[in-house]
Amino acid sequence: MKKILVTSALPYINGVPHLGHMVGCLLPSDVYARFERMMGNNVLYIVGTDEHGTTSEVGALKAGMDVQSYCDMNHERHYKTYKDFNLSFDYFGRTSSEQNKEITYQIFEALDKNGFIEEREVKQVYSIDDKMFLADRYITGTCPYCGYDKARGDQCENCTKVLEPTDLINPKSTISGSSNLEVRTSKHLFLNLPKIEPQLREWLKSKEAFWPDVAYSIALKWLKEGLEPRCITRDLKWGFPVPKKGYEDKVFYVWFDAPIGYIGITKQWSDEKPTQRDWKDWWFEDKDVYYVEFMGKDNVPYHSITFPATLLGTNQNYKKVDYLKGFSYLTYEGGKFSKSENRGVFAGDAVTEFKADYWRYFLMSNIPESSDSSFTFDLFSSVVNKDLNGVLGNFVSRVLKMTSSKIGNTVPPADTWTALENELAANLQTHIDLYFKYMSELEFRKALGELRAVWVEGNNYITLAEPWTVIKEDPKRAGAILNICINLIRIFALLSYPVMPETSENMMARLDLKIDEHAGLKDFNVQKELLAVKEGMPFEVGEPLFERITPERTEELKAKYGSAK
RNA sequence: CGCAGGGUAGAGCAGCCCGGUAGCUCGUCAGGCUCAUAACCUGAAGGUCGUUGGUUCAAAUCCUUCCCCUGCAACCA
């Protein structure tokens, strides 16, 4: 039994998660966690909200709330959304927790003691009316190059030139609109990445053969361009106060404590049952843990460079990522998801239209693994109607309805296998072996392709075996064929569980069975599994597993979610 | 010359690392079946593998030119 630690990039507290966020880290991490549990492994799956930073402060200000209550409220909102998608995390924590504070301090002090922290003076824009330092992007003005009047202090969106806030003509705070700004000097702490680089380089090299291209090449790019010391403190109120003399009025930069949040949240989890759980069993290199991280490509530099460097710099043997699964982006009907423009499907709305499993299956089978991919309702409808209804749902329906009407509502007896059953078992075993292989290698598109191929084997078998013809001459043989088919339903349910947990439970319930979510797929052998549902066991036909999506409904959805450019 | 990823049948993807009959799903067309959800099964048509030049007996695959899409460019997360 392997110990597998799974984390998804922590969604930022302010954001409204859309399908792109779901598919870009949260959903695949859940599918993987469920799969590895089913394989009998000891999985710890950690998610939570990333809460610090200017954006929450500003968000709270706009909502007229204090930051803590604002984050409390949004934390609940995120939690509910992910529960609606059936994410099976062991703990949904917060980067603002006491536990994370404790670990952040511990790591910081180790880095400081080891000489990886240095002081530097930084010039920054201060807004006198807002009484705060402004991050570059919270300053707008006219671009000196192209004259665009909404250029941000970090970059002009119009001409794409990278800017300094001081380049802007007529700079203003985007928070209050005030132009009462001045440049002030402030002392900050930096993590000396160049000093850690040799260790980091060596560690990263060991991942080259294993990580997906998207991840490794991005990490390498940063090393090639040369690392620079990275500022880890901010002049803000909302965050962990810096425990160092002269820095009492500053907090840690959100990107310093956010990834440490994986550890902090694990401690939140273990603090709930301190006699049974220990975060230290998961977070040190000698604990024999396999650690897999999921994230979008924008997050890769932080997880492949700065966070590992932070951990390496402690010299405390903290667990670092073994496999970094980076994803590209999902675009929406050819453009970007945008809450402000009301374009795209947001996670909360998605589950009001269709149950989570529709989205889970669709997103996993079209996950942006090698390049960006596009969500369209045409494709969504096609996948739901073809794969879920036509292939899987229809198989369950035809088998149970036929058995019920021709034989009765108990499982008919099995019989000696013919060449047909032997061939079925052989084909299934081939696809299932590949399914397991691809799942454990985190090749989701390929894995989902094999899952679908497994379902097709069912329809293929029943077509070739023709129980509707055989029953006229040989009812016993027809019953044996249907016995195999009912066993196939159970097998399909077990295999589909990581992707579509609700549907799997529904399928199993029809056969009066339950899913074993721990080890249900361990030592899976088709020959044996095809005999699991025994003669005489009762079953229910039930309603269709999925609803079809009509062309009219597809058009309605497109209109409702703003697909028109 | 900023960097990275991508450009393969009408659509969406695999194959590229380790050159050697271009594969899968949807869609289209034809056939089969009638247990089932206008579904299921089988077969066919459809591709000068973005572009230029090169290496090689042989290039989607290796090197090179240019073009297009996406993301990043370190104080937004």
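For B:C13, neither phosphate oxygen OP1 nor OP2 lies less than 4.0 angstrom from any side-chain nitrogen or oxygen of A:Lys446. For the pair A:Arg452 and B:C26, the criterion of a side-chain N or O lying under 4.0 Å from OP1 or OP2 is met. Between A:Tyr253 and B:A77 there is a side-chain polar atom (N or O) within less than 4.0 angstrom of OP1 or OP2. Dashed line: the shortest gap from a side-chain N or O of A:Thr463 to OP1 or OP2 of B:U42 is not under 4.0 Å.
Rounded to whole Å, the separation between the C1' atoms of B:C57 and B:G12 comes to 37 Å. Nucleotides B:U52 and B:A59 are separated by 15 Å at their C1' atoms, to the nearest Å. Atom name C1', nucleotides B:C76 and B:U51: the rounded distance is 38 Å, in whole Å. Using P as the reference atom, B:A22 and B:G50 are 15 Å apart when rounded to the nearest Å. Taking atom P in both B:A30 and B:U55, one finds a spacing of 49 Å when rounded to whole Å.
Checking B:A11 for Watson-Crick or G-U wobble geometry (two distances, each under 3.5 Å) identifies B:U25 as its partner. With a cut-off of 3.5 Å on both pairing distances, B:U51 has no Watson-Crick or G-U wobble partner at all. Using the Watson-Crick or G-U wobble rule with both distances under 3.5 Å, B:C16 pairs with nothing in any strand shown. Under the Watson-Crick and G-U wobble criteria, each requiring two contacts below 3.5 Å, nucleotide B:A4 is paired to B:U70. Pair check for B:A77 finds none; no Watson-Crick or G-U wobble contact set falls under 3.5 Å.
No donor-acceptor contact under 3.5 angstrom links the side chains of A:Glu293 and A:Tyr262, judged on distance only.
In terms of modelled atom types and a separation under 3.5 Å, the side chain of A:Glu540 and the main chain of A:Leu511 share no donor-acceptor contact. For A:Ser382 (side chain) and A:Asp378 (main-chain N/O), no donor-acceptor pair under 3.5 Å exists by modelled atom type.
A:Tyr302 comes within contact range of at least one nucleobase, with a heavy-atom separation under 4.0 Å. Nucleic acid contact for A:Glu369: none, since no nucleic acid atom lies under 4.0 Å from a heavy atom of the residue. Residue contacts for A:Ser373: at a heavy-atom cut-off of 4.0 Å it reaches the sugar-phosphate backbone alone, with no base atom in range. A:Val300 comes within contact range of no nucleotide atom at all, as no heavy-atom separation falls under 4.0 Å. Within the 4.0 angstrom heavy-atom criterion, base atoms lie near A:Gly393. Among the protein residues, A:Thr376 comes within range of no part of the nucleic acid, since none of its heavy atoms lies under 4.0 Å from any strand. Within the nucleic acid shown, A:Asp136 comes within 4.0 Å of sugar-phosphate atoms alone, with no base atom in reach, counting heavy atoms only. Residue A:Asp378 is classed as having no contact, given no heavy-atom separation below 4.0 Å to the nucleic acid.
Using cut-offs of 30° and 60° on the angle between ring planes, the pair A:Phe362 and A:Phe380 is perpendicular. Using cut-offs of 30° and 60° for the angle between ring planes, the A:Phe327 and A:Phe294 rings count as parallel.
Of the residues listed (A:Lys187, A:Lys244, A:Lys250), the one engaging A:Glu119 in a salt bridge (charged side-chain N to carboxylate O under 4.0 Å, His left out) is A:Lys187, and it is the only one.
Remark: A:Lys123 engages no residue in a salt bridge (Lys or Arg N to Asp or Glu O under 4.0 Å) (not counting sequence neighbours).
Picking from B:U70, B:A14, B:C35 the nucleotide with the shortest atom distance to the side chain of A:Met402 gives B:C35. For A:Asn460, taking side-chain heavy atoms from C-beta onward, the closest of the listed nucleotides B:A74, B:G71, B:C41 is B:C41.
In this structure, A:Lys558 forms no cation-pi arrangement with A:Phe377, as its terminal cationic atom is not both closer than 6.0 Å to the ring centre and no more than 45° off the ring axis.
In this structure, the CG atom of A:Asn385 is 10 Å from the P atom of B:G27, given to the nearest Å. Rounded to whole Å, atom P of B:A14 lies 12 Å from atom CD1 of A:Ile367.
The pair A:Arg184-A:Glu182 meets the salt-bridge criterion, since a charged nitrogen lies less than 4.0 angstrom from a carboxylate oxygen.
Residues from residues 54-62 of chain A placing a heavy atom under 4.0 Å of any atom in RNA chain B, listed by number, are A:Thr54, A:Thr55.
Of the two residues contacting RNA chain B, namely A:Ser328 and A:Val399, the nearest-nucleotide position lying further toward the 5' end is that of A:Ser328.
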